[in-house]
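Read through the structure below, which is laid out as structure tokens, and then see the notes.
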Protein chains: 4
Amino acid sequence: MTTERLPTEQRQRQIAEAALRIVAEHGVHRLTAAALAAEVGIADGTIFRHFRNKEEIVHAAIDLFEKALESTFPPPTEDPLERLGSFMVGRLELVREHPEFLRLAFNDRLAEAAGEKGAHRIEGLVGRSVAFVRQCLEEAQNRGQVTREAPPMLLVWMVIGVIRGAATGGPLLATVEKDLPGASPTQVWKALERFLRNTTTEKKT
Amino acid sequence: MTTERLPTEQRQRQIAEAALRIVAEHGVHRLTAAALAAEVGIADGTIFRHFRNKEEIVHAAIDLFEKALESTFPPPTEDPLERLGSFMVGRLELVREHPEFLRLAFNDRLAEAAGEKGAHRIEGLVGRSVAFVRQCLEEAQNRGQVTREAPPMLLVWMVIGVIRGAATGGPLLATVEKDLPGASPTQVWKALERFLRNTTTEKKT
Amino acid sequence: MTTERLPTEQRQRQIAEAALRIVAEHGVHRLTAAALAAEVGIADGTIFRHFRNKEEIVHAAIDLFEKALESTFPPPTEDPLERLGSFMVGRLELVREHPEFLRLAFNDRLAEAAGEKGAHRIEGLVGRSVAFVRQCLEEAQNRGQVTREAPPMLLVWMVIGVIRGAATGGPLLATVEKDLPGASPTQVWKALERFLRNTTTEKKT
Amino acid sequence: MTTERLPTEQRQRQIAEAALRIVAEHGVHRLTAAALAAEVGIADGTIFRHFRNKEEIVHAAIDLFEKALESTFPPPTEDPLERLGSFMVGRLELVREHPEFLRLAFNDRLAEAAGEKGAHRIEGLVGRSVAFVRQCLEEAQNRGQVTREAPPMLLVWMVIGVIRGAATGGPLLATVEKDLPGASPTQVWKALERFLRNTTTEKKT
DNA sequence: CATGAATGAGCTTTCATTCAT
DNA sequence: AATGAATGAAAGCTCATTCAT
């Protein structure tokens with residue numbers, strides 16, 4: 001069989017994308033050179049003309065993931081809650097477009113496949129998002145938009161929990177899917193925002 | 001070397017526990033027949049005198065996990081928030097005692113090792129917990145202990161998010177560990193409870 | 001195919017011997033797990049139940065080689081030339097019995113297959129033999145059995161050259177094989193000894 | 001990157017030389033098409049525009065080696081010992097200039113890489129040198145320059161042994177390097193010559 | 001029940017060789 | 001002539017599973 005010849009960069013991209021798809025759909029244990037090759041439509045051995053080894057493939061996949069996440073960090077607007085909102089909506093839309101990412105973001109599969117270094121990268125990615133959320137929430141607390149009584153991390157966990165929950169089409173919603181059936185990212189954020197503001201101490205006085 | 005002969009039931013339990021430990025500490029890729037045998041202290045072939053194949057071992061491990069989770073569902077007390085509190089405290093304490101479970105609960109590793117059927121079981125386990133949390137929250141909303149404005153699932157995701165966050169010693173806290181340093185399960189719940197109730201004060205006044 | 005089951009120690013020995021045979025007869029490039037397995041009569045994978053990896057197999061082979069060489073170091077008799085004679089005869093007889101060793105002793109094939117550590121071991125083996133020969137010759141010079149005029153290493157190289165030459169059935173003799181047709185180890189040594197003593201300065205005076 | 005285009009003959013030479021260098025410095029296992037191409041500075045596929053396959057490359061390398069050896073056969077002078085001397089000095093100087101050759105001459109690595117045919121060629125090369133040495137020594141014996149009592153092959157082995165020993169900087173000298181520290185080729189030959197002639201003095205008196 | 005040797009499929013990686021560009 | 005992507009046959013090694021003892 002003679003496959004179309006493509007420049008390395010293109011093949012690398014194809015392979016990285018295939019890796020993402022495979023891990024997301026079937027799990028790391030199916031991320032084999034053979035599976036990758038089949039997915040891309042080339043011969044087994046050819047994989048290693050484009051990547052030195054499997055680990056590098058995973059790193060390329062993480063790159064893709066990273067770039068996608070990066071694009072959802074909103075510009076530093078004035079209002080922290082507004083910022084948090086764009087972030088959340090962005091993330092939820094990202095997941096809607098790329099369901100592959102879902103199982104990656106909240107899962108340490110990729111990390112496992114990438115060895116120590118890859119695990120750290122993913123940790124870093126997650127950490128950055130957490131830090132962003134926290135930053136927004138603390139600012140909001142300082143401005144009195146959100147109650148100062150709650151420990152910031154509690155709020156962070158809640159927000160992350162909502163993102164995760166709204167993003168997961170899977171298990172979390174399985175039993176209760178009828179609830180917010182097609183709840184759009186914006187709707188979810190609106191509900192969350194109202195809730196957060198609701199608790200504001202200012203309002204109580 | 002001839003190991004002491006034990007009845008199948010005991011060996012099965014030992015093996016299932018060993019499986020839990022191995023997956024938790026080293027990941028699925030180290031869950032091999034040889035590793036299990038070594039952990040239990042028997043010869044590798046012997047494993048298959050007690051289980052027909054690896055999948056069954058994983059199922060036994062999930063059984064253990066299930067039983068542990070089961071034990072944290074509190075008795076059906078009157079007050080739904082109180083019930084939710086015992087549940088949450090129970091779960092956090094469980095994780096504190098058995099850190100192995102952490103990587104299992106919020107991770108689909110075990111599911112992956114157990115094939116389709118195992119994945120469904122874990123999904124079910126998670127689903128049951130979600131349903132419980134939801135039940136408590138809806139009751140609380142009906143009683144006016146928690147604002148009725150928020151969609152129940154939003155609250156569910158928040159609570160689950162807090163449980164996950166408080167349970168995970170790892171990445172989530174990494175950058176901000178000073179926050180709730182040794183926050184005990186009860187302290188976490190108290191903070192969450194105050195927050196949940198807080199949202200209703202407006203209406204009360 | 002069901003092969004006879006043997007205890008690891010026996011299989012290890014078989015495998016190490018097979019390794020020696022293969023390297024000697026066909027060269028390192030044919031020393032593959034498959035070839036070893038075929039030679040021993042077991043399945044490919046089985047090889048690695050008895051050795052952790054190929055390198056360990058080569059080390060086991062070197063062990064065999066080492067033991068054989070060791071056995072040809074004669075006891076420390078009074079007369080150095082007599083000692084040298086037993087050594088040489090021993091070595092030649094060893095090679096006659098185990099032609100496999102020939103290509104190993106004067107070849108760095110095994111060394112190459114064994115990695116750094118293996119190469120050093122073989123170097124050490126050769127070094128020990130050289131040192132032994134040298135020791136004998138220097139003593140002989142001190143006693144006046146061999147001329148003191150020749151630098152010791154010159155004599156060493158000569159003796160080693162004769163051992164190698166007499167041992168090699170191969171290329172070295174190819175063109176001139178009729179010479180010392182069945183020259184027995186003892187005959188070769190006798191000829192060499194006469195030659196060495198012949199040069200003695202004592203006799204000239 | 002497009003490399004300068006060179007006529008096949010030049011590239012062939014470059015490749016053959018690269019082969020010699022690689023085998024000498026790193027061993028046959030590194031003699032790969034990719035390594036050759038890198039050494040020469042062309043793309044790996046290009047190698048096979050100049051040689052039909054790897055075996056032919058090795059043959060070209062042996063050609064080079066052969067030519068170098070050829071050049072050290074001295075003209076047929078009157079005195080056989082003098083002839084032998086030039087030969088030996090020539091060989092030792094060759095090795096000093098081209099240390100690559102060392103590992104080739106006393107090693108069947110190249111032979112192994114070249115298959116049956118290549119092995120025979122190298123055998124022939126060695127055989128020719130042995131025959132030359134023998135010729136010289138027999139003449140010398142006939143002229144009474146060297147004792148007639150020693151079987152010619154014994155002398156041949158000795159001489160070859162000395163050449164090998166003096167050429168090998170490696171293991172052979174490792175333990176005793178102080179001996180003939182920078183022993184020049186001529187010094188080595190002088191020592192050997194004195195020794196060979198020495199054996200005849202008895203009869204002369 | 002327990003042992004541990006044996007199996008064979010499968011995985012990652014290497015490499016000589018081909019061939020479209 | 002030169003390039004470099006593609007191929008496919010090994011090679012080394014792992015592991016679930018079987019089975020004679």
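All figures in this text were calculated on a predicted structure; none of them were measured in a lab. Labels below follow one simple rule: chain letters A, B, ... track the order of the sequence lines, proteins then strands, and each chain is numbered from 1.
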### Query
Taking only residues two or more places apart in sequence or in another chain, which ones pass side-chain contact (heavy atoms from CB on, under 4.5 Å) with C:E9?
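Residues passing side-chain contact (heavy atoms from CB on, under 4.5 Å) with C:E9: C:P7.
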Can you name the salt bridge (charged side-chain N to carboxylate O under 4.0 Å, His left out) partners of [X], sequence neighbours left out?
{"X": "B:R30", "value": "none"}
{"X": "C:E66", "value": "C:R121"}
{"X": "B:E25", "value": "none"}
{"X": "A:R5", "value": "none"}

### Task
Return the value, rounded to whole Å, for the distance between atom CD1 of D:I22 and atom P of E:dA16.
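Nearest whole value for this atom pair: 10 Å.
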### Whole-Å gap separating C1' (F:dT3) and CD1 (D:I47)
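Nearest whole value for this atom pair: 13 Å.
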### Message
Defining pairs by Watson-Crick or G-U wobble geometry with both distances under 3.5 Å, how would you list the stems of DNA chain E with at least three pairs each?
### Response
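Stem segments, range with range: E:2-21 with F:2-21.
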### Side-chain N or O of B:T8 closer than 4.0 Å to phosphate OP1/OP2 of E:dC1
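Answer yes for this pair, as a side-chain N or O of B:T8 is under 4.0 Å from OP1 or OP2.
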### Query
Does any pair with a residue in residues 45-55 of chain B pass salt bridge (Lys or Arg N to Asp or Glu O under 4.0 Å), and if so which ones, sequence neighbours excluded?
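Passing the test, one end in residues 45-55 of chain B: B:R52-B:E56.
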Please set out all donor-acceptor pairs under 3.5 angstrom arising from side-chain atoms of residues 31-40 of chain D, sequence neighbours excluded.
residue, atom, partner, partner atom, Å
D:T32, OG1, D:A35, N, 3.0
D:E39, OE2, D:R21, NH1, 2.5

### Message
Starting the side chain at C-beta, find the nucleotide from E:dT3, F:dA2, F:dG12 nearest to D:L6.
### Response
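Of the options given, the side chain of D:L6 lies nearest F:dA2.
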Write out a two-atom table: protein N or O, nucleotide N or O from nucleotides 17-19 of chain F, distance below 3.5 Å.
residue, atom, partner, partner atom, Å
F:dT17, OP2, B:K54, N, 2.9

